[in-house]
Amino acid sequence: MMEETTKPTDFIREAVAEDLRTGRFNYVRTRLPPEPNGYLHIGHVKAWMIDYLVAKENNGELILRFDDTNPTKEETEFVDAIIEDTRWLGIEWKEITYASDYFDLLYEWAQKLVWMRKAYVDDQSPEEVSANRGTFTEPGKNSPWRDRSVEENLDLLERMKNGEFSDGSRVLRAKIDMAHPNLNMRDPVMYRILHEPPHHRTGDKWKIYPLYDWAHGQNDSMEGITHSLCSLEYRDHRPLYDWFHEQLGVFKSRQIEFARLNLNYTVMSKRKLRRLVEEGYVSGWDDPRMPTLRAMRRRGYTAEAIIDFVQRMGVSTVATSNAGVIADIAFLESRVREDLNKHSLRRMAVTKPLKLVIDNYPDDLVEEMDAVNNPEDPSAGARKVPFSKELYIEQDDFRETPPPKYYRLYPGNEVRLRYAYFVKCTHVVKNDVGEVVEVHATYDPSTRGGDAQDGRKVKSTIHWLSASHAKEAEFRMYDRLFTKEDPEEGEEGSLACLNPDSLHILHGYVEPSLAQAKPGNRFQFERLGYFATDQDASENKPVFNLTVSLKDTWAKIERSNKSK
RNA sequence: UGGGGCGUGGUGCAAGGGUAGCACACCAGCCUUUGGAGCUGUGGAUCUUGGUUCGAAUCCAGGCGCCCCAGCCA
């Protein structure tokens, strides 16, 4: 698949090539910089692939570095989950590192900046720091502590580190320019005091923790990262990123920003996703409706399809919303269908069963019908499916009074039962309230296998299951989580447009062999869609998640029928 | 409001002074033992105004619109 796509070219790859050409760098090393405070989602995959491929295409190296500078949010559980998901994508890295690996060195670099009179300990309260930062239009005010002696700063910094001061009582700040038009340059905070909670890796060793701006660029430099690729909202941080390298006289990594990836009909922010989980709107972070990688995996999306999707999305600096680009979920689904169409085994399943009785078929006869496993892949072979007098068909495949252009079963109409016989509907049996409970038909024995010897045609082929052989199964039918393309839009908030029908549970039947399907197995249930066996499956009743439906032309016709 | 970034069909990306193209979506048709897949075709876009030029999506200037920034989050 990767060979098929033309070699991607974009402004980042051009910049990297340029740097190699001009000698700014003579090798390429990138980094994946997750903060271990949540699960990876589809938006991360874009960044992951850019970092991975830019390194790979240039015979460079990729480092997986956890940005763990804030112990109040980070947990080992997320480190493990991120590693698992990254591996699932097929991304290979040279080594795993942590920002916390560099806390000692980073502290030395901070002392150096103090010596250079480029950093100082500020005793202002958080409120004072904020108030004195100024606004977009007004300059900030210099801290009264801005011109302390090197000795006093060094002493105070050391005591901050040793835990002598309470949280929030002091910070270390870079001394730049409180009147700078870029707020990030107004004496940014480098270290804050944090006694609790213990850090997931360094425990209670540290009482001060570096902030992003101080840690990230220096870690990049320490690791010899050539290209530090990040999303658009860090554009304003680049002058600061460069300033630290310049002052310290260290290896200068190059930061390049790109638009991050969002999807319509969903939310991507950790805060909003957490709310869905915590308030029970979904079953968990791996609920198949979530945009997280583990959810997509559970739903049946393949890593190949997801990667193909982000690759085809391209890379740009366009910011349509929230510092990124909004992709159409339909495009993701088209990539999933393309991949699954080629690779998944066909099976028959009936999600909304309706009994079909073939009146002229022998009572006790069972025939084994030949069914192909994948018309796109002859090497997938064929299988036998039992056929008998009483069958289940899909409720949607029968109408007592057919609407216009309805080709499926209705009284007097003949259709093909896939791989079996032509059948003609004769009559129906109804219950007390007038619902059709049984459809009756006659079959033409000369059409065995589905071919009419006399050359007559039917306009429809429907799927079926032998009632006595079929195995019970649960089907979880998913739809988009939100009804609006942009759930954030409007003041009611995203919860106001949650789709009440994002999950439909159906109880039906599958072919006998599917009773043994293993979690993660993927199938195409003919004429319905792609499904993946869920982990919830029990021994006698498997559960299948709808990955994505097949394109449904009839549904489209029906919709336009109704709108007329 | 100061700073930074960005404007090409509905969406996402191409075209780097020379015929505005691709994918998805949409519409029509062909084909079909999945109303699937496949195939063919149609429609539709350069934010705006001015300038430079034989020629501008591309270069210049103004305007308009959208996104990001005032955490001791990342």
Side-chain angles (χ1 to χ4, degrees), chain A residues 6 9-10 14 33-35 37 67 69-70 72-73 122 124-126 129-131 133-140 167-173 180-186 188-194 208-209 211-213 215-216 230-239 257 259 261 264 309 312-335 337-338 341-342 346 348 371-372 375-376 405-408 416-420 449-452 458-463 485 524-529 549-557:
Chain A
T6 54
T9 166
D10 54 63
E14 283 172 10
E35 182 187 16
N37 69 341
D67 218 341
T69 58
N70 183 359
T72 65
K73 292 186 171 181
D122 192 350
Q124 292 183 106
S125 68
V129 169
S130 178
R133 181 155 24 232
T135 67
F136 287 148
T137 48
E138 303 158 57
D167 288 8
S169 61
R170 287 184 169 83
V171 287
L172 183 74
R173 290 229 252 172
H180 199 108
N182 179 345
L183 268 48
N184 293 118
M185 300 298 274
R186 318 242 264 228
V189 176
M190 296 166 60
Y191 279 105
R192 78 281 216 175
I193 301 171
L194 224 51
I208 58 172
Y209 290 93
L211 276 96
Y212 170 86
D213 283 309
H216 202 94
C230 60
S231 47
L232 250 28
E233 64 267 35
Y234 291 102
R235 182 56 248 258
D236 290 346
H237 294 247
R238 196 161 86 204
E257 311 84 12
L261 175 65
N264 60 6
F309 165 68
R312 287 168 187 267
M313 285 298 299
V315 183
S316 73
T317 53
V318 176
T320 310
S321 91
N322 198 20
V325 118
I326 302 175
D328 191 346
I329 183 101
F331 186 49
L332 207 206
E333 290 173 343
S334 80
R335 299 342 293 161
R337 282 193 191 98
E338 157 149 326
N341 175 50
K342 291 202 180 94
R346 271 56 170 176
M348 291 198 283
V372 302
E376 304 288 323
K405 296 210 177 142
Y406 187 85
Y407 304 144
R408 279 113 96 146
R416 173 167 37 234
L417 293 178
R418 180 141 230 232
Y419 309 124
D451 279 315
V458 287
K459 294 194 90 169
S460 182
T461 299
I462 67 174
H463 60 277
E485 269 200 58
Q524 184 202 95
F525 291 154
E526 295 208 49
R527 302 207 310 127
L528 297 173
S549 66
L550 251 16
K551 278 200 260 176
D552 191 345
T553 306
W554 166 241
K556 210 178 279 180
I557 295 168

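Letters A, B, ... are given to chains in the order of the sequence lines, protein chains preceding strands, and every chain is numbered from 1. Every value quoted in this text rests on a predicted model; they were computed, and no experiment measured them.
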ask   = Within the modelled atom types, does a donor on one side and an acceptor on the other bring the side chain of A:Glu376 and the base of B:G36 under 3.5 Å apart?
value = yes

ask   = Expressed in angstrom and rounded to an integer, what is the separation of A:Glu333 atom CD from B:U11 atom C1'?
value = 14 Å

Sugar-phosphate, base or nothing in reach of A:Tyr191, heavy atoms under 4.0 Å = nothing

ask   = Charged N to carboxylate O under 4.0 angstrom, A:Glu35 versus A:Lys73?
value = no

ask   = Which whole-number value in Å describes the distance from A:Leu528 CG to B:U34 P?
value = 14 Å

request  = Please state whether the phosphate of B:U32, meaning OP1 or OP2, lies under 4.0 angstrom from any side-chain nitrogen or oxygen of A:Lys459.
outcome  = no

inquiry  = Considering every strand and a 4.0 Å limit on heavy-atom distances, what is the contact class for A:Arg186: base, sugar-phosphate, or nothing?
reply    = nothing

query = P atom, B:C24 versus B:G2: distance in rounded Å?
reply = 45 Å

query = Quick one: is A:Thr69 getting a side-chain N or O under 4.0 Å of the B:C73 phosphate, OP1 or OP2?
reply = no

task = For residues A:Pro239 and A:Asn184, determine if any side-chain heavy atom of one lies less than 4.5 Å from a side-chain heavy atom of the other.
result = no

message = Under 4.0 Å, counting only non-hydrogen atoms across every strand here, what does A:Pro375 touch: a base, just sugar-phosphate, or nothing?
response = base

key: Separation of the P atoms in B:A56 and B:G65, to the nearest angstrom   = 27 Å

key: Nearest-angstrom distance, P atom, B:C39 to B:U52   = 49 Å

ask   = Given side chains that start at C-beta, do those of A:Phe331 and A:Met313 come closer than 4.5 Å, heavy atoms only?
value = yes

message = If I take atom CG in residue A:Asp213 and atom P in nucleotide B:G71, what distance separates them, rounded to the nearest angstrom?
response = 13 Å

key: A:Ser316 side chain near B:C13 phosphate (N/O to OP1/OP2, under 4.0 Å)   = yes

inquiry  = Nearest to the side chain of A:Pro126, heavy atoms from C-beta on, is which of B:C69, B:C72, B:A37?
reply    = B:C72

Any A:Asn322 side-chain nitrogen or oxygen under 4.0 Å from OP1 or OP2 of B:C68 = yes

query = Pick the nucleotide of RNA chain B nearest each of A:Gln124 and A:Gly324; which residue has the one closer to the 5' end?
reply = A:Gly324

ask   = Under 4.0 angstrom, heavy atoms only, what part of the nucleic acid is A:Thr317 near: base, sugar-phosphate, or nothing?
value = sugar-phosphate

ask   = Would you say the side chain of A:Arg337 lies within less than 4.5 Å of the side chain of A:Gln524, judging by non-hydrogen atoms?
value = no

query = What does B:G65 pair with, Watson-Crick or G-U, if both distances are under 3.5 Å?
reply = B:C6

ask   = When we call it a touch if two heavy atoms are under 4.0 Å apart, what does A:Tyr234 touch: a base, just sugar-phosphate, or nothing?
value = base

ask   = B:A25 C1' sits how many Å from A:Asn264 CG, rounded?
value = 11 Å

request  = Mind checking A:Leu194 for me? I need base, sugar-phosphate or nothing, with any heavy atom below 4.0 Å counting as a touch.
outcome  = nothing

key: 5' precedence on RNA chain B between A:Phe525 and A:Ala259 (nearest-nucleotide basis)   = A:Ala259

query = Any N or O donor-acceptor pair linking the side chain of A:Asp236 to the base of B:G3 at under 3.5 Å?
reply = yes

message = I'd like to know if the side chain of A:Asn264 and the backbone of A:Ile326 have a donor-acceptor N/O pair within less than 3.5 Å.
response = no

inquiry  = Checking contacts here: which listed nucleotide (B:C67, B:U34, B:G7) is nearest the side-chain heavy atoms of A:Val318?
reply    = B:G7

key: Side-chain N,O (A:Arg133) to OP1/OP2 (B:C72) below 4.0 Å   = yes

request  = Tell me which nucleotide among B:A70, B:G36, B:G3 gets nearest to the side chain of A:Asn341.
outcome  = B:G36

ask   = Are any non-hydrogen side-chain atoms of A:Arg186 and A:Leu183 less than 4.5 angstrom apart?
value = yes

query = When you check the phosphate oxygens OP1 and OP2 of B:C72, does a side-chain N or O of A:Arg170 lie under 4.0 Å from one of them?
reply = no

message = Under 4.0 Å, counting only non-hydrogen atoms across every strand here, what does A:Arg235 touch: a base, just sugar-phosphate, or nothing?
response = sugar-phosphate

inquiry  = How many whole angstroms separate atom CG of A:Leu172 from atom C1' of B:C72?
reply    = 12 Å

message = Using the C1' atom as the point on both nucleotides, what is the distance between B:C64 and B:U49, in whole Å?
response = 10 Å

inquiry  = Taking 4.0 Å as the cut-off, does a side-chain nitrogen or oxygen of A:Arg192 come that near to OP1 or OP2 on B:C73?
reply    = yes

ask   = At under 4.0 Å between heavy atoms, what does A:His463 touch on the DNA or RNA strands: base, sugar-phosphate, or nothing?
value = nothing

query = Looking at A:Arg527, does any N or O in its side chain come under 4.0 Å of the phosphate oxygens OP1/OP2 on B:G36?
reply = no

Beyond-backbone contact of A:Val372 with A:Arg346, side-chain heavy atoms, under 4.5 angstrom = no

message = Using a heavy-atom cut-off of 4.0 Å across all strands, would you classify A:Phe136 as base, sugar-phosphate, or nothing?
response = base

ask   = For the atom pair CG (A:Leu211) and CG (A:Asn70), what is the distance rounded to the nearest 0.5 Å?
value = 8.0 Å

ask   = Is A:Ser125 touching bases, backbone alone, or none of the nucleic acid, heavy atoms closer than 4.0 Å?
value = base

inquiry  = Regarding A:Val325, tell me which of base, sugar-phosphate or nothing describes its non-hydrogen contacts under 4.0 Å with the strands shown.
reply    = sugar-phosphate

request  = Could you measure between the two C1' atoms, the one in B:U19 and the one in B:A74, and give it in whole Å?
outcome  = 48 Å

ask   = Ring-on-base stacking between A:Tyr407 and B:G35, under 5.5 Å between centres and under 30° between planes: is it there?
value = yes

request  = Find the distance between CG (A:Leu417) and NE2 (A:His463) and round it off to the nearest 0.5 Å.
outcome  = 11.0 Å

task = Between B:G71, B:C67, B:C73, spot the one nearest the side chain of A:Ala323, thanks.
result = B:C67

ask   = Under 4.0 Å between a side-chain N or O of A:Lys342 and OP1 or OP2 of B:A37?
value = no

message = Classify A:Asp67 by what it touches in the nucleic acid, base, sugar-phosphate, or nothing, heavy-atom distance under 4.0 Å.
response = sugar-phosphate

ask   = Does the side chain of A:Lys556 get closer than 4.0 angstrom to OP1 or OP2 of B:C26 through an N or O atom?
value = yes

inquiry  = What's A:Arg238 touching, base or sugar-phosphate or nothing? Going by heavy atoms closer than 4.0 Å.
reply    = nothing

ask   = Counting side-chain heavy atoms from CB outward, which of B:A74, B:G2, B:A37 is closest to A:Pro181?
value = B:G2

ask   = Would you say A:Thr553 reaches B:G36's phosphate, i.e. side-chain N/O to OP1/OP2 under 4.0 Å?
value = yes

query = Looking for any heavy atom pair under 4.0 Å, which part of the strands does A:Leu550 touch: base, sugar-phosphate only, or nothing?
reply = base

message = With rounding to the closest Å, how many angstrom separate the C1' atoms on B:C47 and B:G35?
response = 42 Å

message = For A:Trp554, is there any backbone N or O sitting under 3.5 Å from a side-chain donor or acceptor partner on A:Asp552?
response = yes

task = Tell me whether the OP1 or OP2 atom of B:U11 has a side-chain N or O from A:Thr320 closer than 4.0 Å.
result = no

key: Atom-to-atom span, CG of A:Leu232 to C1' of B:C66 - whole angstrom   = 13 Å

ask   = Under a 3.5 Å cut-off for both distances, is B:G38 Watson-Crick or wobble paired, and to whom?
value = B:C30

